[in-house]
Each structure stands twice: as structure tokens, then as C-alpha cells.
Amino acid sequence: MSLWDPRAVVATKRDGKALDAGEVAAFVEGYTRGEVTDALAAAFLMACLLRGLDPDETLALTRAMVASGDTVRFADLGAPTVDKHSTGGVSDGVTLVFAPIAAAMGLAVAKLSGRGLGHTGGTLDKLESIPGLRTDLSPQEIERQVADVGCAVAAQSPSLVPADGALYALRDATATVPSVPLIAASVMSKKLAVETDLILLDVKAGSGAFMKTPEEAAALARACLDLARGWDRRAVAAVTDMSQPLGDAVGNALEVAEAMTVLRGDVGGRLRELALAFAARAAGELLGLSPGEAAARAARAIDSGEALERFRRMVEAQGGDGRVVDDAWAILPRAKAIFPLTSDRDGVLASVDAERIGLASGALGAGRIRKGDAIDPAVGIVLHPKVGDRLEAGARVGEIHAGTEASAAGAAADVLAALTVTEGPVEPPPLVHGWLDGLD
Ligand code: URA
């Protein structure tokens, strides 16, 4: 019988004292092995959120999470490798668009993603709305797919960062998400477990992000970049706008369908622009292209149809139905009922409470309330106007995709309440607040 008592670790943090690396490692190992209960781990997470973790404790937590599984190392692929991660947002389908664009540009994209967290959506949940698609790839499957297709998006698994898989789901269920050290350790454990030449971080700021201001987001970006530097890994972060949903679609299948329209080149907008900005930055860093050349090559990956074909190959390699790129709604699950959403006011859209919209989508069934809950891949919200756009009372601004009329009515009321309308003209917020370099 072990004499080690994990309650002592929680008590130390509860009392605002620093934990040493051994204590953090033992706690994380114990939880991952199932020896520390969910109740105790939830208390640990809340103590970390309220008391904070210093850089040494954050490093220890990240190390323990990486050490809970294997790491992915690539043999020479003949292409530089890149990983990209968002700290979480609403209608944030950037990975779905970025990964195939970057692959089409000659980069090898290897990415461990997350599930929905709090009010934010998760790339894994979105991808799994494609019938048959698996995200539980083994390290060997990731390596093989990246070599064959140029991109793979996979989940934490019993062999890859299992500690993050377990803690992430518990944080989602216990209101312990918005903490700089917990987010930094979670994001970076997944990035450090896969050895790529470059890590790109999309650190979101605004009402739909966990960090509500660009300053808070910059602090999170620096915490992530410090961890990368400690590992001797090249990383670059952008603080980007999440003061409104990035795309128009909020919900799993809806966001996949929207990503297909972007990859087909059918629509412009902020989702396309941000995915292109990350792809161009990666190509600049790894292929030595000038910013102008990199931006042109990224746009060409869409215009030529190559990015769309990469997405098809990635989906098929992961067991999914690749015809999703030809006709998304012939393949993706559709909600039982689709209701039009109409504006209740005239005026100019001044701001959006994107968290409220994310929560409304979650309440329709797109997100989880309890750990392990099943989600409904088909439900969600479509909201077209962006800050600065004019609204007209009675005009259609989007749709609610729901299981029942009652749940749709609740979501519609929430979405309209999340919009602030004014009379005067409103400047749209910048898409990228700024870049931070891991070398700074
Ligand atoms: N993405 C992650 O992987 N972890 C977080 O905590 C937040 C966003």
C-alpha cells in the first residue's frame, strides 16, 4: 500500500503554496492511472485555477502530461513539419482549413486536437461528425498518414498524452478551464508530444475566448512560448480576434460544411483570412518564402483545388467518407429541424457576446455538460452578420439547427440577446492583434 496521500498535493495548492515537480508528477500519474479520483482531481484543478501555478509548476505539469504517453517523432519526410493549435473559440474552424492548405503547400502537418471545452468547439468533435472518421490514431498511424497524405489530425489517446485527455474532460465538466497555466500546459503537452519543426499558436482574445482581452491572451501566449523554449522547440503565436464568432457556423457538422465552402473557394471572410495567414506564416518560416510569396501560394492552394483534395485524402485516410468535400450535406448529419433566425432590430452590429452563442449551441446539444456526454453532431447555429454590418428588423440573419422547436426557440432568444446594435457606423475589429515570436 502506498503511503503517498494525493490530498496533501491538493491541500498545498489550496493554501497557495508552490508544489515541487515530484508532487505534480505523482498527482498527474496517479490520476492518469485511475488511482486519484475525479473528485480529488477536480479539487486540484480548482485550486490551480484559483491560486495559480508559477512557471516551474506549469513546466512540471506539462512535463508530467507529456510523460504520461509516447511521443511522435518523424523520420525524414522530405518536408518540414508543422503543428498548429488554437486556445479555443466559437466558430473556430481554422484547423480544418489550415491543415489541408499547408499540406498542399508542401508542409507536413501533424496535429493533436481537442474536443469541445466550455463554450468553445473542438476540432475532434467537428471531424467526427463526418461518418466513419476516426481520430484515435496511434503514433505509428499518425506518422504514416503524415508521410502519405501530408496532414493528420488526431486525439489524445491511451498512448498519446492520456493525462491531457483525462484532465481536459474533467476541466470541461468542472468549470476549471479559464486558467493561463492549465490552458498552457494542456495546449503545449499536445504540441510537445509531437515533434514538429514549428508550432503555430492561435491565442484567441475576446468574448468567445477564455482570455477576454488581447493583454490576457498575450500572457497566455507567452506562457506557451516559454514552455516551447524550455523544450528547445520553435514556436510562434498570434493573438487573434474572438470578439465575435470567427465564421458563420457554430456546431460540429455545420462547421465542417462551412470549412468545405472555404476550401472550395466559394466564400471569403475572416475564417478564410485567418487560415491563410497561418499557412503563409508557416510557409515563410519553414520554406523561406517572402510574406507576399507565401500569401500567394496559400491562396493558390485553395484556388487550384489542391487543398480540398488534401482534405478528402485526410478524411479517407482516417476512415471517413471523403465525398464530404463534394457535397457536404449529402454526407453530414442534418438536424431534425432548421428554423430561420431573423433580426429583431434595425441598426449596426456593434458587438457580439460570442460566449453566449457558444453556450447556446452547447445547449442545443453540440457540447457536453457532464464528462463523457454524447453530443449531437448535427445541431448548432448559423449567424451571418459580423461587427459593423447593418441589420434590418425582420430580415433573416441565420438559422437554428435543432432537435426540437422548443430548444430552437431558446437558442434563437439567446443569440439575439447576444447581439448589441447601435445607430452609428462601427469599425470591424482587427483580425490579428499581433504576433509573438518564441525567440523574443
Ligand atoms: N485547447 C487545449 O488543448 N487546451 C485548453 O485548455 C484550451 C484549448
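We count ligands from 1, going down the list as the structure has it; atoms in each ligand are counted the same way. Everything numeric in this text was worked out from a predicted model, so none of it was measured. Values below: all heavy atoms of this structure, side chains included; hydrogens, waters and symmetry mates excluded.
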Notebook entry, point to check: With hydrogens left out, which residues have an atom under 4.0 Å from ligand 1, given that only heavy atoms count?
Noted result: His85, Ser86, Thr87, Leu117, Tyr168, Arg171, Ile183, Ser186, Val187, Lys190
Notebook entry, point to check: Yes or no on side-chain contact (heavy atoms from CB on, under 4.5 Å) for Met211 and Val180, after CA distance, side-chain angles and deciding distance?
Noted result: CA-CA 8 Å; Met211 301 293 122; Val180 166; 3.9 Å; yes
Checklist line | Flag, side chain of Glu57 to backbone of Leu19, donor-acceptor distance under 3.5 Å | finding: yes
Notebook entry, point to check: Between the main-chain N or O of Glu141 and the side-chain N or O of Gln145, is there a donor-acceptor pair closer than 3.5 Å?
Noted result: no
Check: With the threshold set at 4.0 Å, does a side-chain nitrogen-carboxylate oxygen contact exist between Arg370 and Asp373?
Finding: yes
Notebook entry, point to check: Are any of the side-chain nitrogens in Glu29 or Arg33 under 4.0 Å away from the carboxylate oxygens of its partner?
Noted result: yes
Next item on the list: Taking side-chain contact (heavy atoms from CB on, under 4.5 Å) as the test, write out the residues that go with Val432, two or more places apart.
Entry: Ala238, Thr240, Leu274, Trp435
